[in-house]
Undergrad: 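Sending over a structure as structure tokens; questions will come in a sec.
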Amino acid sequence: MKNFTFSTALVICLLIAPSVISKNIFSDKNTITLEYTYGIPVINDGILAAFFKKYSSLKKYQSEVTALYKDKAYQSIWYESNEINELGYLLYHKLNMIDDEGVEISLPYKTKIDEIFDESPEEKISETDTELLLSSMYIIYAKSVYEGLDAKTVNNLEWFLPKKKIAYATLLDSLIVNPKLLNNNNQVLFSQYYKLHEVLKKYRAIEKNNTWTPITIDSPFKELRPDDTSNTVAQIRQRLAVVGDLARDSKSNVYDEELMTGVLKYKKRYGLTLNYKITKDHIDQMNEPVSDRIKTLMLNMERCRWIPPSLEKGHEYVMVNIPSFMLYYIRDGNFEIESNVFIGTPLTKTVIFSGQIDKIVFSPYWYVPASIIQNELKLKMAEDKNYLADHNMEWNNGKVRQKPGPKNSLGLVKFMFPNPNDIYLHDSPAKSLFTFEKRIFSHGCINVMKAKELAISMLKEYNDWPIEKINNAMSGEKEITCRLTTKVPIYIGYFTAWVDREGQINFFPDVYDRDTHLNNVLFPEDKSFKTELMK
């Protein structure tokens, strides 16, 4: 059990006494009291009325937005722990891709919506305005994309909004389908959904048959290694046989070669360092309830609804999975590049995003973000007047940039796709970081271990970009930009459960605690769900 700390006491105090905060969020004389319950803003009729007075172009949606909050007991939809939640980012990306839905609409206040998701906005949008702007955009999106559908279907459009109490055993088993989006194969969701559904059936059978039995730990416990003998070894063997990492359960309590093979399969499926050691952390992970793994599967099935199935039908695309720290480049259904990546820290999270890679920049400059200048560089420059020169940096039009070269923080190549968060894929000089098990080191961008290989593969069909030219462009001497004549779709997703090409289910750590948040949305009655998975 963790030590009782001041932060623990603070959390308990907040749970006992929710805070009420007053903010003057409008330019007129109206002062709206924005209440927070357990850190989540609560909407009321006064706030709604004042909002639609301020944003008059949205007034025609007032009754529908009000009905939405009435159904949600006036709780926030788009915030979790004072941050925009995963669903908020999803909606934003849906709005930016609305043309793909075959819909042409003009979104009022789109500039303000962009500012909400801009890390350095010109104008700070209040939490209240953010909450209600997103809800208004949701209504506009639903009415536009699902126009003409029957009332029953429209009423069930809350597939990515908080649901009321639903038994987890039945949630997500039926599809909400927009007939406009049916493809020729009648597969209306991203294919991973159906793969996870098959695994879900297997894990429900395990739960029903009571074969997920707890593993007891020998006392005193020591790491288990090959040739060790222990009752715990026999129990681990039984578990690995149940989930399919072993073909049979020999019931032996000796850590033999057969079990070594099973342990490696298990560790590979969980994104763990591939060795034969079994630690207490590994056993604690195995002892998580099967109901938690079932919910993990279902949370990720829900995420599959958010990916347009057209993504995997295209000629090529890039997919990044944040929790697995992996990037995949797929061309004509073949996995041409698989690369380790490292991602943003919990304080500088890499965002969920879908877009189009439109250019590759070789030997790039790195324009240091204002937040890094303010929080890090100013202090270092104050301490050392030669800091910029020593790190190959310079001032350029009021900004700090790092010159091209092998020690440039972006490495020797970056892949650009327009987005308000100013994130991109790039190489890294810190190659050793790619060997870590949990790779969360960046300020939000995605560092790619095989960045050069990715560039070569993506330019394979460009006759004017042979490998020799790419090598010269990556010499680090001068920035050179290659604009892609055919943009490459990219999807940065968050999947803590994923079925690989061999049909094996993989589970990954909930690095940003998004599973916990999404679980609270889908299963508000259940507070027992845990998603540690070797954090």
Undergrad: Quick one: sort the Tyr55 and Tyr109 rings into parallel, tilted or perpendicular, breaks at 30° and 60°.
TA: perpendicular

Undergrad: Does the pair Tyr276 and Leu264 meet the rule for a side chain to side chain contact (heavy atoms under 4.5 Å, CB included), with working shown?
TA: CA-CA 7 Å; Tyr276 297 117; Leu264 287 185; 3.6 Å; yes

Undergrad: Does some side-chain heavy atom of Phe51 sit less than 4.5 Å from a side-chain heavy atom of Thr128?
TA: no

Undergrad: Give the minimum heavy-atom separation between Pro346 and Ile440, together with the two atoms involved.
TA: CD-CD1, 4.0 Å

Undergrad: Could you check Glu502 against Lys265 for salt bridge (charged side-chain N to carboxylate O under 4.0 Å, His left out), going step by step and ending with a plain yes or no?
TA: CA-CA 12 Å; Glu502 287 74 43; Lys265 286 183 178 179; over 6 Å; no

Undergrad: Report yes or no: does Asp427 contribute a side-chain atom to a donor-acceptor pair with the main-chain N or O of Leu412 at less than 3.5 Å?
TA: yes

Undergrad: Would you say that Leu107 contacts Ile113 through its side chain, given a criterion of any heavy-atom pair below 4.5 Å between the two side chains?
TA: no

Undergrad: After noting the C-alpha distance and the side-chain angles of His391 and Val400, does the key distance pass the side chain to side chain contact (heavy atoms under 4.5 Å, CB included) rule?
TA: CA-CA 11 Å; His391 289 81; Val400 176; over 6 Å; no

Undergrad: Does some side-chain heavy atom of Leu388 sit less than 4.5 Å from a side-chain heavy atom of Met381?
TA: yes

Undergrad: Among Phe495, Tyr317, Phe335, which one satisfies ring-ring contact (aromatic ring centres under 6.0 Å, His included) with Tyr328?
TA: Phe335

Undergrad: Heavy atoms, side chains only, cut-off 4.5 Å: are Leu132 and Leu58 in contact?
TA: no

Undergrad: Determine whether Asn506 and Ser324 make a side-chain contact, defined as any pair of heavy atoms from C-beta on separated by less than 4.5 Å.
TA: no

Undergrad: Answer yes or no: is there a donor N or O on one side and an acceptor on the other, between the side chain of Asp228 and the main chain of Arg225, under 3.5 Å?
TA: yes

Undergrad: Determine whether Gln285 and Leu272 make a side-chain contact, defined as any pair of heavy atoms from C-beta on separated by less than 4.5 Å.
TA: yes

Undergrad: Ignoring hydrogens and angles, tell me if any N or O in the side chain of Glu479 forms a donor-acceptor pair with the backbone of Tyr365 under 3.5 Å.
TA: yes

Undergrad: Looking at CZ of Phe362 and CD of Glu477, how far apart are the two atoms once the value is rounded to the nearest 0.5 Å?
TA: 15.0 Å

Undergrad: For Gln356 and Pro418, which heavy atoms make the closest approach, and how far apart are they?
TA: O-CD, 3.6 Å

Undergrad: Looking at Ile47, is its backbone amide N or carbonyl O close enough to the side chain of Asn44 to form a donor-acceptor pair, meaning the two atoms are under 3.5 Å apart?
TA: yes

Undergrad: For Asn408 and Lys403, indicate whether the former's side chain and the latter's backbone hold a donor-acceptor pair under 3.5 Å.
TA: yes

Undergrad: Going by heavy atoms in the side chains, are Lys460 and Glu336 under 4.5 Å from each other?
TA: yes

Undergrad: Begin from the C-alpha positions of Phe434 and Phe342 and carry the test ring pair (Phe, Tyr, Trp, His ring centres under 6.0 Å) through to its verdict.
TA: CA-CA 7 Å; Phe434 292 110; Phe342 61 82; 5.0 Å; yes

Undergrad: Do side-chain atoms of Glu223 reach the backbone of Lys277 as a donor and acceptor pair under 3.5 angstrom?
TA: no

Undergrad: Angle between ring planes, Tyr512 versus Tyr494, binned at 30° and 60°: parallel, tilted or perpendicular?
TA: parallel

Undergrad: Tell me whether Lys414 forms a cation-pi arrangement with Tyr424, defined as NZ or CZ under 6.0 Å from the six-membered ring centre and within 45 degrees of its axis.
TA: yes

Undergrad: Looking at Asp114 and Lys110, is there a salt bridge between them, counting it only when a charged N and a carboxylate O are closer than 4.0 Å?
TA: yes

Undergrad: Is the closest side-chain heavy-atom distance between Glu316 and Asp332 below 4.5 Å?
TA: no

Undergrad: Would Val511 and Thr496 count as a side chain to side chain contact (heavy atoms under 4.5 Å, CB included) here? Give the steps.
TA: CA-CA 9 Å; Val511 289; Thr496 52; over 6 Å; no

Undergrad: Please work out whether the ring planes of Tyr270 and Tyr266 are parallel, tilted or perpendicular, with thresholds of 30° and 60°.
TA: parallel

Undergrad: I need the minimum non-hydrogen distance between Gly444 and Ile423, along with the two atoms involved.
TA: O-CG2, 4.0 Å

Undergrad: What distance separates Phe415 CZ from His426 NE2, expressed to the nearest 0.5 Å?
TA: 11.0 Å

Undergrad: Take atom CD1 in Ile467; do more than 12 heavy atoms of anything else shown fall under 6.0 Å from it?
TA: no

Undergrad: Tell me if a side-chain donor or acceptor on Asn321 pairs with a main-chain N or O of Met326 at a distance below 3.5 Å.
TA: no

Undergrad: Any chance you could measure Glu115, atom CD, to Ile125, atom CD1, to the nearest 0.5 Å?
TA: 5.0 Å

Undergrad: With side chain to side chain contact (heavy atoms under 4.5 Å, CB included) as the criterion, how do Asn392 and Lys407 come out once you've worked through the C-alpha distance, each side chain's angles and the decisive distance to 0.1 Å?
TA: CA-CA 8 Å; Asn392 204 29; Lys407 294 184 180 180; over 6 Å; no

Undergrad: Please name the pair of heavy atoms, one in Val368 and one in Met393, separated by the smallest distance, quoted to 0.1 Å.
TA: CG2-CE, 4.4 Å

Undergrad: Is there a donor-acceptor pair under 3.5 Å between the side chain of Asn419 and the backbone N or O of Phe417?
TA: yes

Undergrad: Consider side chain to side chain contact (heavy atoms under 4.5 Å, CB included). Of Asn300, Asp513, Leu299, Asp510, which one does Leu518 pass it with?
TA: Leu299

Undergrad: Does a salt bridge link Lys280 with Asp284, judged by any charged N lying under 4.0 Å from a carboxylate O?
TA: yes

Undergrad: Between Ser475 and Ser363, which heavy-atom pair has the shortest distance, and what is it?
TA: N-OG, 3.7 Å

Undergrad: Quick one: does Ser339's side chain have a donor or acceptor within less than 3.5 Å of a partner on Leu327's backbone?
TA: no

Undergrad: If you measure from CG on Asp500 to CD on Gln192, what distance do you get to the nearest 0.5 Å?
TA: 9.0 Å

Undergrad: Which atom pair, heavy atoms only, marks the closest approach of Arg439 to Val341?
TA: NE-O, 2.9 Å

Undergrad: Working to the nearest 0.5 Å, report the span between OG1 of Thr350 and CG of Asn447.
TA: 8.5 Å

Undergrad: To the closest 0.5 Å, what do you measure between CG (Asp464) and NZ (Lys469)?
TA: 5.0 Å

Undergrad: Got a salt bridge between Arg303 and Asp515, using NZ or NE/NH1/NH2 to carboxylate O under 4.0 Å?
TA: yes

Undergrad: Lys431 side chain to Ser428 main-chain N or O, any donor-acceptor pair under 3.5 Å?
TA: yes

